[in-house]
Amino acid sequence: MRYLKEGIITKLYTCVEQETCIACGNCGANAPKIFDYDEEGLAFSLLDDNKGQKAVPKKYIDDCLDAYDSCPTGSIQIAHIPFVK
Ligand code: SF4
């Protein structure tokens, strides 16, 4: 779903569905300013403790989309509007 990268994106929100994360490390490798891992190795968003309510800084949007594409389990969630949790 690279269409987000091609143009009109101005806001991006992200969080990780930890129930399906397999702790592979791809997201942190692609977007180290956005994703980190908890003590079990499961990824989470550094922006707001995985709430998905703080926008990804524009300079990291491409990295975030690379992480999204690299996740083998589809655990990284992205949206144009904040997540509700
Ligand atoms: Fe988990 Fe996906 Fe990140 Fe791998 S890329 S650590 S499966 S969220």
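Positions are given from 1 along the sequence. Source: prediction; values computed, not measured.
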Just wondering, more than 12 heavy atoms not from I81 lying within 6.0 Å of its CD1? no
Rounded distance [0.5 Å steps], CZ in F35 versus CG in D63: 10.0 Å
Let me see the working for L12 and L65 under side-chain contact (heavy atoms from CB on, under 4.5 Å), right down to the final yes or no. CA-CA 9 Å; L12 185 74; L65 293 174; 4.1 Å; yes
Between Q53 (side chain) and F83 (backbone), is there a donor-acceptor pair under 3.5 Å? yes
Take T73 and T20 through the test side-chain hydrogen bond (donor to acceptor under 3.5 Å, both in side chains) and record every step on the way to the result. CA-CA 7 Å; T73 60; T20 55; 4.5 Å; no
What distance do Y68 atom OH and I76 atom CD1 have between them, rounded to the nearest 0.5 Å? 9.5 Å
For C64 against I34, the heavy-atom pair lying closest together: SG-CG2, 4.4 Å
Judged by atom type as modelled, is there a donor-acceptor pair below 3.5 Å linking the side chain of Q18 to the main-chain atoms of A43? yes
Would F44 end up clustered with I78 when hydrophobic side chains under 4.5 Å apart are linked, directly or stepwise? no
Looking at D66 and N30, would you say the former's side chain and the latter's main chain have a donor-acceptor pair under 3.5 Å? no
Inter-residue atom distance C71.SG - E17.CD, 0.5 Å rounding: 10.5 Å
Roughly how far, to the nearest 0.5 Å, is CG of D49 from CG of D36? 11.0 Å
Quick one: CG on L42 to OG on S75, what's the gap to the nearest 0.5 Å? 9.0 Å
Please answer whether the main-chain N or O of K33 pairs with a side-chain N or O of Y60 as donor and acceptor at a distance below 3.5 Å. no
Could you tell me whether the side chain of N50 and the main chain of C15 form a donor-acceptor pair under 3.5 Å? no
Please give me the minimum heavy-atom distance between V16 and S45, naming the atom from each residue. CG2-N, 4.3 Å
If we ignore hydrogens and angles and just use 3.5 Å, is the side chain of Q77 paired with the main-chain N or O of G74 as donor and acceptor? yes
Considering non-hydrogen atoms only, spot the tightest contact between P72 and N26 and give its length. CD-ND2, 3.9 Å
